[in-house]
A.B. asks: 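Dropping a structure here in structure tokens format, bear with me for questions.
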Amino acid sequence: MAGVARYRILILPVSAVVIALLVAWRLGRETDRQDAVSQPPPVRRQLAPVFELYDQNNQLVKFERYLGRTRLVVVFYEAATGADEDPHLVRLRRHIEDVAAAGVQVVGISTAVPAENRRAAERAGGEFPFPLLTDIDPVHQSTGAVHRQWGLSDPETGALQTGLFLVDRAGMVGTDDGTPVPEESPESVVDALCSGRWPR
């Protein structure tokens with residue numbers, strides 16, 4: 001009888017330990033499931049859209065000539081403000097040697113016409129050492145086609161937007177449902193590039 005009594009006494013603490021372990025295991029699984037749900041999906045990458053636009057010297061630039069040859073930072077800036085006032089382009093211009101050391105080509109895009117981009121360079125005290133492209137199709141008299149191609153157009157108003165994109169050496173850019181996605185923190189991207197580092 002004494003042995004049976006001791007056995008019954010042990011059942012309670014052993015059961016408590018088993019229950020505690022089961023609860024901890026279940027809570028751990030729930031936490032893992034919640035973490036998996038809360039994490040954003042990985043950014044998909046695909047070939048960057050190509051285009052042909054005129055630069056500040058009225059020379060036709062084919063974007064595809066860069067793809068597969070170099071890394072790119074593509075800055076869509078506000079035409080009304082001008083390239084000489086865009087904070088990203090100003091910093092990239094100032095640190096162009098460090099940017100080039102990281103193996104990066106800068107490309108600026110806006111709806112400013114070539115003459116306006118040349119005046120911006122004059123105001124900045126010299127040439128921009130990278131192309132400033134005009135997103136206007138003179139044949140079809142349309143404006144902003146490349147902005148829309150890269151997802152920088154308000155879907156309701158059609159207003160063109162600014163943004164900064166990174167294109168890797170393979171010509172790939174981050175996308176969402178097939179449309180390029182601008183960098184969430186362009187300032188930190190420019191910081192890295194101006195320090196001679198590719199921010200990836």
Side-chain angles (χ1 to χ4, degrees), residues 40-79 81-112 114 117-118 120-135 145-152 160-200:
V43 176
R44 297 177 182 271
R45 302 187 71 74
Q46 67 181 43
L47 281 174
V50 297
F51 52 81
E52 296 181 6
L53 296 176
Y54 286 94
D55 67 8
Q56 62 266 48
N57 299 311
N58 290 309
Q59 298 296 313
L60 187 64
V61 173
K62 297 183 178 182
F63 188 69
E64 63 185 343
R65 79 180 187 188
Y66 297 119
L67 300 183
R69 298 184 180 182
T70 185
R71 295 165 169 166
L72 295 154
V73 55
V74 183
V75 181
F76 287 81
Y77 63 99
E78 178 58 56
T81 303
D84 58 315
E85 294 292 335
D86 181 83
H88 304 319
L89 292 179
V90 167
R91 290 193 62 204
L92 292 167
R93 178 177 182 265
R94 187 181 306 136
H95 296 274
I96 193 60
E97 291 183 3
D98 296 314
V99 175
V104 178
Q105 168 70 49
V106 180
V107 177
I109 302 176
S110 76
T111 56
N117 285 328
R118 290 195 297 273
E122 292 171 3
R123 292 193 300 268
E127 286 291 325
F128 276 82
F130 43 78
L132 300 176
L133 306 180
T134 298
D135 190 8
V146 175
H147 280 73
R148 289 186 286 275
Q149 184 183 29
W150 284 65
L152 292 180
L160 303 182
Q161 301 165 335
T162 60
L164 182 149
F165 299 83
L166 289 175
V167 181
D168 65 23
R169 195 179 299 278
M172 308 293 278
V173 66
T175 62
D176 179 16
D177 197 24
T179 301
V181 177
E183 294 294 316
E184 291 185 0
S185 179
E187 292 81 9
S188 63
V189 168
V190 174
D191 285 343
L193 293 172
C194 291
S195 299
R197 296 183 292 106
W198 178 248
R200 279 284 186 265

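These numbers come from the heavy atoms of this one structure, side chains and all, not from hydrogens, waters or symmetry mates.
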A.B. asks: Less than 4.5 Å apart, side chain to side chain, heavy atoms only: is that true for Phe76 and Val146?
C.D. replies: yes
A.B. asks: What heavy-atom pair brings Leu47 and Ala170 nearest, and what distance separates the two atoms?
C.D. replies: CD2-O, 3.6 Å
A.B. asks: Take atom CG of Asp176 as the centre, draw a 6.0 Å sphere, and report whether it contains more than 12 heavy atoms from other residues, nucleotides or ligands.
C.D. replies: no
A.B. asks: Can you check side-chain contact (heavy atoms from CB on, under 4.5 Å) on Lys62 and Val50, steps first, answer last?
C.D. replies: CA-CA 8 Å; Lys62 297 183 178 182; Val50 297; over 6 Å; no
A.B. asks: Provide the closest heavy-atom pair for Leu89 versus Gly108 in the form atom of the first, atom of the second, distance.
C.D. replies: CD2-CA, 4.5 Å
A.B. asks: Report yes if some heavy atom in the side chain of Val74 is under 4.5 Å from a heavy atom in the side chain of Val173; otherwise report no.
C.D. replies: no
A.B. asks: Taking Thr134 for the side chain and Ala112 for the main chain, is one N or O donor matched with an acceptor at less than 3.5 Å?
C.D. replies: yes
A.B. asks: Would you find a donor on one side and an acceptor on the other, under 3.5 Å apart, between the side chain of Glu85 and the backbone of Ala120?
C.D. replies: no
A.B. asks: Any side-chain heavy atom of Phe63 within less than 4.5 Å of one from Leu133?
C.D. replies: no
A.B. asks: Looking only at non-hydrogen atoms, find the nearest pair between Arg45 and Met172 and report the distance.
C.D. replies: NH2-O, 3.0 Å
A.B. asks: What pair of heavy atoms forms the shortest contact from Gly171 to Leu67, and how long is it?
C.D. replies: CA-CD2, 4.0 Å
A.B. asks: Under the 3.5 angstrom rule, does the side chain of Asn57 hit a backbone N or O of Gln59 as a donor-acceptor pair?
C.D. replies: no
A.B. asks: Determine whether Leu132 and Arg118 make a side-chain contact, defined as any pair of heavy atoms from C-beta on separated by less than 4.5 Å.
C.D. replies: no
A.B. asks: Are Val181 and Arg44 packed together at the side-chain level, in the sense that at least one heavy-atom pair is separated by less than 4.5 angstrom?
C.D. replies: no
A.B. asks: Evaluate the criterion side-chain contact (heavy atoms from CB on, under 4.5 Å) for residue pair Trp198 and Leu166; output intermediate values, then yes/no.
C.D. replies: CA-CA 9 Å; Trp198 178 248; Leu166 289 175; 3.7 Å; yes
A.B. asks: Compare all side-chain heavy atoms of Leu160 with those of Arg148 and state whether any distance is below 4.5 angstrom.
C.D. replies: yes
A.B. asks: Can you measure from OG1 (Thr179) to CD (Gln46) and round to the nearest 0.5 angstrom?
C.D. replies: 8.0 Å
A.B. asks: Is any side-chain N of the basic residue among Arg93 and Asp84 closer than 4.0 Å to the acidic one's carboxylate O?
C.D. replies: no
A.B. asks: Got Val61 and Leu53 here, is their nearest side-chain heavy-atom distance under 4.5 Å?
C.D. replies: no
A.B. asks: Would you compute the distance between atom CD of Gln105 and atom OG1 of Thr70 and round it to the nearest 0.5 angstrom?
C.D. replies: 6.5 Å
A.B. asks: Taking all non-hydrogen atoms of both residues, which atom of Leu152 and which atom of Pro182 are closest, and how far apart?
C.D. replies: CD2-CG, 4.4 Å
A.B. asks: Are Pro180 and Pro49 side-chain neighbours, meaning at least one heavy-atom pair lies under 4.5 Å?
C.D. replies: yes
A.B. asks: For atom CZ of Arg123, decide whether the heavy atoms of other residues, nucleotides or ligands shown that lie under 6.0 angstrom number more than 12.
C.D. replies: yes
A.B. asks: Drop me the distance from Glu127's CD to Glu122's CD, to the nearest 0.5 angstrom.
C.D. replies: 8.5 Å
A.B. asks: Would you compute the distance between atom OH of Tyr77 and atom NE2 of His88 and round it to the nearest 0.5 angstrom?
C.D. replies: 13.5 Å
A.B. asks: Measure the spacing between CD of Gln56 and CZ of Phe130 and express it to the nearest 0.5 Å.
C.D. replies: 8.5 Å
A.B. asks: Once you round to the nearest 0.5 Å, how far does CG of Asp98 lie from CG of Leu92?
C.D. replies: 10.5 Å
A.B. asks: Do any N or O atoms from the side chain of Asp55 and from the backbone of Pro131 form a donor-acceptor pair under 3.5 angstrom?
C.D. replies: no
